[in-house]
Amino acid sequence: MTPGLVLRGGLVLRDGTFAVADIHVVDDRIASVGPSLSVPDGAVVIPIGGDLVVPGLVNAHYHSPDNLSTGAIPHAPLELWSLASVPRRTAVPDALRTAALFGAAQLLSGGVTGVVDMIRVPGPLDGEAYDAIASAYVDAGMRADIAPVLADLPVEKTLPLGPWEPVTGDRAAIDAAIGAVERFARRWDGRAGRIGVQVAPSGPQRCTDDMFAAAVGLARRLGTRLHTHALETSAQARQARLRWGVSLIAHLQRTDALSPDTVLAHLVWPDPEDLDLVARSGAIVVHNPASNLALGSGRAPLPELLARGVPVALGTDAATCNDGLSLFEAMKLATTLHRPDEPDHRRWPTAGAALTAATAGGAAALGLTARAGRIAPGLVADLVVLDGAAPAFVPPNDLVRQLVMRAGPDVVRHVFVGGQQLVRDGTVLTIDVRAVADEMRRHSASGVAVARPDGALESAISRMLGDAHRTP
Ligand SMILES: [Zn+2]
């Protein structure tokens, strides 16, 4: 056994409260936790007396390519926002790698040790573009599940613009796309012990039923998570009823797509029966409050989800809508956003629930429920050390609440992933952040080919959104 390292004397979060303890890390695992541990000869000792130690935060829903378009897409309802954002997507591998690295640096320095990166690039699924993103995460050292997006319906078929006319999937195209994701998974899943692959149909309404069923089958075959956008907007809820005659969640349930390995991003517009179905299935919901506010999508019923015991994770979603990448912001919004809708203040999501969502909930979204998300012997050493002298924690009255309500990414001192230190005193050790920022500017200046959105489609969507507002 290697002597490992010891984080000495921090305030360690265990079972929802902070108490002074040492953490002994050997290889990629936490070997022991407790006060005044004896230090093996040769162990590296890092004194952190007065600082806080929490499990690594997880950004469970995110799209790294959008980092290249920060600030470029006008804020509008999702359906119009998407129309403007799709033409800006690039398939240039170097640009995608740079965007992933730039995002990884921000995430790591903000205490995020793991991420689910849902990626759609123009052109074929297979190839250099996806490998470039995966290699960026290997170099950054953070834990990342990469989720290449599957979709095979044109935009106009995904929205309630008129009566639904059935579409049959193109079997050869579906097989090609599924095969590409499977080959990507075989190349990267498990790489460096930190890279995973999730199967990601963009949304049930964005796929033919044949494509969605093939995606579910692939996720089961690979033994990985099925990650999909679900009920992000009211238009999606209406389209589901037009297309399948039942709610989107009821459709997923009757097609056997809901399971503990299903990750549903958003879930802003479920009805009470949907919430019961999700709870019974064990599926994980990723709450993206900042994105949902920025695009006016609505508020996911977080108190209802928590009351039903649904595992909830937190995400930032894309830098083109959120626009930031702060899990601290997501935690604060998760605990405060729902209060005006909930007259019984005893049901308000607590700071502790938000912190659990950002850590253990995120670990579940990465398929690591039994291996990450808490500080305990045997679990992976994904650890974040926070500056105990930061104003947010002075005086230390309720450190969980102060972490969620007052702290931000600036309180992050050190970050460890699998026992490897990736951030020291706020500096990311694995990424040359200034050089990557220069690359971001260069890719931006070299120009993203921006096609004009389809004007007729834009008008039809605007009319549809207006109709939706008149008849909720
Ligand atoms: Zn998204």
Side-chain angles (χ1 to χ4, degrees), residues 58-70 72-73 75-86 88-89 96 99-100 103 106-107 112 114-122 130 133 144-151 153 155 158-159 197-207 212 215 225-237 239 248 252 262-270 283-300 312-327 329-330 333-334 357 361-362 365-366:
V58 175
N59 188 348
H61 185 73
Y62 163 67
H63 309 270
S64 70
D66 284 35
N67 292 336
L68 289 161
S69 297
T70 296
I73 317 294
H75 280 154
L78 177 80
E79 291 76 14
L80 292 171
W81 173 90
S82 298
L83 218 54
S85 70
V86 169
R88 290 192 66 90
R89 290 183 183 146
L96 292 164
Q106 290 172 69
L107 293 170
V112 175
V115 66
V116 180
D117 192 353
M118 192 182 195
I119 295 159
R120 184 171 195 183
V121 301
Y130 289 87
I133 293 167
D145 271 14
I146 298 160
V149 168
L150 294 159
L153 280 176
V155 175
T158 69
L159 298 170
V197 173
Q198 302 195 6
V199 179
S202 178
Q205 77 284 359
R206 293 178 188 145
C207 297
F212 202 88
R225 270 78 54 221
L226 181 85
H227 191 111
T228 189
H229 295 106
L231 293 179
E232 183 171 354
T233 66
S234 58
Q236 292 176 12
Q239 175 67 353
L248 183 137
L252 290 180
T262 303
V263 182
L264 304 170
H266 302 298
L267 207 70
V268 175
W269 291 91
I284 298 153
V285 172
V286 187
H287 182 36
N288 302 277
S291 164
N292 296 153
L293 287 173
L295 300 185
S297 300
R299 287 184 288 262
V312 174
L314 296 180
T316 61
D317 211 353
T320 39
C321 51
N322 178 317
D323 299 356
L325 298 178
S326 168
L327 255 286
E329 181 183 69
L333 285 172
L366 290 169

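Atoms within a ligand are numbered from 1 in the order they appear, just like the ligands themselves.
Contact of the N288 side chain with the H266 side chain is registered, since non-hydrogen atoms from C-beta on lie closer than 4.5 Å.
Note on residues 76-85: pairs passing side-chain hydrogen bond (donor to acceptor under 3.5 Å, both in side chains), not counting sequence neighbours, are E79-T233.
Between Q205 and L153, the shortest heavy-atom contact is O-CD1, 3.7 Å. Closest heavy-atom contact between D145 and A365: OD2-O, 4.3 Å. Smallest separation of non-hydrogen atoms from G114 and L366: CA-CD1, 4.1 Å.
Aromatic ring centroids of H229 and H61 lie under 6.0 Å apart.
Around the Zn ion (ligand 1), protein N, O or S atoms at less than 2.8 Å comprise H61 NE2, H63 NE2, H229 NE2, D317 OD1.
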